[in-house]
Amino acid sequence: MMRIFTRLVMIMAMVPGRGLQAQVSKPASLPNIVLIISDDHAYQTISAYGSKLMQTPNIDRIAKAGVVFGKAYVTNSICGPSRACILTGKYSHKNGFKDNTHSRFDGSQNTFIKELGNAGYQTAWIGKWHLETQPQGFSWWEVLPGQGSYYNPDFITMDGSRKRREGYVANVVENEAEGWLNQRDTTKPFCLVIGHKNTHRTWMPDTCDLRLFNNASFPLPANFYDTYTNRAAAAVQDMTVAKTMIMGYDLKMFDSPAAADKEGNISRMNRAQREVFMGYYDSIYRDLKAQNLSGNALTEWKFQRYMKDYMATAVSLDRNIGRMLDYLNTHGLNNNTIVIYVSDQGFYMGEHGWFDKRFMYEESFRTPMIMQYPVKIKPGTVNNDLVMNIDIGPTLLNAAGIVVPKDMQGSSFLPLLENKKATGRKAMYYHYYENGEHAVSPHFGISTGRYKLIRFYTRVNGWELYDLEKDKNEMRNLYGQKGYEKITATLKGQLNELIIKYDDEEAKRLLDQEVHTGNP
């Protein structure tokens with residue numbers, strides 16, 4: 001009965017003058033849109049970016065049909081704020097969602113979704129949302145509460161119900177996305193946002209993927225045993241594989257069934273799922289105890305387990321992206337549908353000895369972003385202009401022929417793909433705010449693609465400067481070193497210009513204080 005009621009609500013939302021949003025018919029030539037947002041998916045693990053760690057054949061399908069953005073970045077490397085930036089086309093200090101600790105998304109503000117809806121698009125968000133308030137401005141939404149669960153996830157729907165759906169989360173999210181597409185009004189264009197939980201911590205693979213990387217041995221990153229010399233913020237963080245990764249919570253090494261029961265993702269499994277899942281990890285734990293490892297040997301064992309779980313979790317993500325591509329092909333939607341795949345940010349795969357994100361260093365600042373748009377983008381394109389996640393909304397509005405609102409701070413990157421003479425950003429601005437989990441100090445900074453200047457504050461106060469051409473792993477802080485005075489002064493000037501352009505009052509206040517006091 002609830003399913004019938006849910007379908008009636010969806011139908012009402014698509015009829016002019018009824019439901020949540022009146023719609024106006026538009027020509028069939030308007031492009032459909034599928035935006036797929038994953039969680040914590042590292043570009044280092046995607047074969048379209050040259051990764052040798054694993055293969056991602058379905059993400060690669062988008063790349064082969066369209067464009068790989070080689071220099072795509074985020075404005076704030078953390079889950080909820082990144083989604084808010086994508087939705088609004090604005091930096092965190094403008095959309096109000098700065099961190100995952102204290103923020104709640106103000107759904108009354110404008111978004112690219114609302115602009116599309118006003119132009120006659122049917123719009124939906126299905127899957128991970130993580131913005132603390134209910135979605136607004138969508139024809140339909142069905143979202144995971146909070147971070148969501150890997151097994152038998154709950155969904156909250158716009159009809160007010162909360163329902164548990166049996167199965168693995170990536171499969172279920174795709175099922176629900178296809179279900180919405182099956183029931184949409186086929187006379188109108190659509191924009192569907194699919195929010196995947198994968199590959200978020202604690203990296204729980206589908207049972208069918210558990211053994212895929214059993215025989216793999218992943219190379220340690222060259223800076224895995226980084227000592228963080230002359231980098232105070234890196235030295236005080238708390239996100240190392242060695243010290244922070246938890247044997248039970250992260251790596252599923254439990255002393256007893258009772259200990260496993262305390263983990264929500266495991267306690268919600270049905271009997272069949274749990275027997276396969278825990279049978280696999282229990283055998284690994286027995287082997288670990290027999291080895292009696294310690295020191296670097298134990299740390300490197302943890303790294304291998306982390307990598308195997310992460311990669312296996314990514315396999316299901318890639319497989320379900322393939323399902324959506326197949327759906328578009330089967331239903332004759334491929335040629336007139338924009339597909340964008342993006343992660344909410346990058347992630348550390350052992351670089352600097354870390355997992356997680358947050359820092360303005362490349363592994364977390366940079367994000368995978370791949371797009372196909374058959375009528376506009378030549379297959380197999382690689383673009384190395386500086387683009388950011390706040391550009392996604394303006395790009396989609398541009399493609400739909402909608403004027404981009406003046407308060408959106410991003411810019412459409414379609415001209416960069418259509419016109420060889422078009423020029424993009426000369427520099428990018430970043431600001432991370434959260435001062436809690438993993439002890440990462442708040443910071444803001446500028447990157448020109450070659451040089452990067454970062455100002456840390458609150459937990460650690462100080463500057464860092466990197467030349468990415470000579471030091472791609474960001475191991476050598478050049479700030480204050482002889483010979484870098486001129487480039488430092490130039491970058492500080494450019495940084496100040498961006499702070500003024502984007503109206504970041506907190507960053508401006510911190511820089512003004514420094515000028516007046518001479519600190520740090």
Side-chain angles (χ1 to χ4, degrees), residues 31 33-38 41-44 46 48-50 59 62-63 65-78 81-92 94-95 111-112 193 338-347 357 360-373 376-400 404-405 408-432 444-452 468 494 498 501-502:
I33 297 163
V34 176
L35 172 59
I36 305 170
I37 305 174
S38 63
H41 196 196
Y43 67 86
Q44 308 95 293
I46 298 174
Y49 282 92
I59 294 174
I62 305 175
V67 57
V68 174
F69 291 95
K71 294 183 178 179
Y73 292 83
V74 300
T75 62
N76 183 359
S77 183
I78 188 169
S82 184
R83 286 171 177 77
C85 288
I86 291 171
L87 268 173
T88 63
K90 296 185 291 190
Y91 275 87
S92 300
K94 287 297 186 182
N95 66 49
T111 64
F112 80 86
V193 184
I338 297 169
V339 179
I340 295 180
Y341 171 71
V342 66
S343 177
D344 54 5
Q345 67 266 315
F347 211 68
K357 56 261 184 178
M360 196 185 171
Y361 307 138
E362 287 294 289
E363 291 84 5
S364 51
F365 180 31
R366 185 178 165 192
T367 193
M369 187 159 71
I370 303 171
M371 174 183 182
Q372 69 179 51
Y373 186 11
K376 296 286 185 179
I377 302 173
K378 182 180 178 181
T381 299
V382 175
N383 179 276
N384 285 314
D385 291 292
L386 302 177
V387 298
M388 304 196 79
N389 59 354
I390 55 171
D391 298 334
I392 292 173
T395 299
L396 296 176
L397 296 181
N398 184 193
V404 178
M408 286 193 176
Q409 296 173 307
S411 301
S412 172
F413 45 69
L414 278 186
L416 301 176
L417 304 173
E418 298 174 335
N419 183 357
K420 292 182 179 180
K421 295 182 180 180
T423 57
R425 287 183 176 80
K426 293 182 179 179
M428 299 176 292
Y429 180 63
Y430 178 90
H431 197 158
Y432 170 81
F444 57 88
I446 182 174
S447 174
T448 65
R450 174 174 178 178
Y451 291 104
K452 185 183 297 182
L468 298 178
Q494 291 177 296
L498 291 178
K501 174 181 178 180
Y502 296 121

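Owing to the predicted nature of the structure, the values given are computational and were not obtained by experimental measurement.
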Is there side-chain contact between F69 and V342, with at least one heavy-atom pair below 4.5 Å? no
Do Y502 and K90 touch side chain to side chain, with heavy atoms closer than 4.5 Å? no
Are C85 and S92 side-chain neighbours, meaning at least one heavy-atom pair lies under 4.5 Å? yes
Do H431 and Y91 come close enough that some side-chain heavy atom pair is under 4.5 Å? no
Hey, can you tell me if Y430 and F365 have their rings parallel, tilted or perpendicular (30° and 60° cut-offs)? perpendicular
Taking the side chain as every heavy atom from C-beta outward, state whether I392 and M369 have any atom pair closer than 4.5 Å. yes
Any side-chain donor paired with an acceptor under 3.5 Å for S38 and Y341? yes
Suppose we screen for side-chain contact (heavy atoms from CB on, under 4.5 Å). Which residues come up paired with S411, at least two apart in sequence or across chains? D391
Does some side-chain heavy atom of I46 sit less than 4.5 Å from a side-chain heavy atom of H41? yes
Could you list the residues that satisfy side-chain contact (heavy atoms from CB on, under 4.5 Å) with K376, not counting sequence neighbours? Y373, E418
Among side-chain atoms of E363 and Y43, is any donor-acceptor pair under 3.5 angstrom? no
Can you name the side-chain contact (heavy atoms from CB on, under 4.5 Å) partners of P405, sequence neighbours left out? N110, E115, L397, D407, M408
